[in-house]
Amino acid sequence: MGNGFLILDEKDWKDATPEQRDWMIFKTLKSINDRLVSLEKKTLTDKCFSFLGGILGGFAAALGVKWSG
């Protein structure tokens, strides 16, 4: 779980016992919950900078589309 998510393929899932599958599901849901909690704890400043970055990025994309075609 290097990036925080449990990554499985069909072979891992097929070969796992029901207890192992339950544990895999639990770990994945716990990881998602931890990430959501950390996002919700962001300060207002972080949220404002993210919003402004989205506006600037959208404006830059619109200019790029206008100039390229």
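Just the heavy atoms: all of them, side chains too, but no hydrogens, waters or symmetry mates, feed the values below.
- Evaluation of the side-chain contact (heavy atoms from CB on, under 4.5 Å) rule for F26 yields W23, K30 as partners, not counting sequence neighbours.
- K14 meets the side-chain contact (heavy atoms from CB on, under 4.5 Å) test with no other residue; sequence neighbours excluded.
- Note that the CG atom of D15 and the CZ atom of R21 stand 9.0 Å from one another [nearest 0.5 Å].
- Expressed to the nearest 0.5 Å, how far CG of N33 lies from OG1 of T28 amounts to 12.5 Å.
- The side-chain contact (heavy atoms from CB on, under 4.5 Å) test applied to T45 returns T43, F49, not counting sequence neighbours.
- Qualifying side-chain contact (heavy atoms from CB on, under 4.5 Å) partners for D12, counting only residues two or more places apart in sequence or in other chains: L8, D9.
- Taking both residues in full, the closest heavy atoms of K47 and K42 are given as CE-O, 3.6 Å, listed atom of the first, atom of the second, then distance.
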Only distances under 3.5 Å count here; give the side-chain donor-acceptor pairs of residues 50-67 to other protein atoms, sequence neighbours excluded, each with its distance to 0.1 Å.
from	atom 1	to	atom 2	distance (Å)
S50	OG	D46	O	3.0

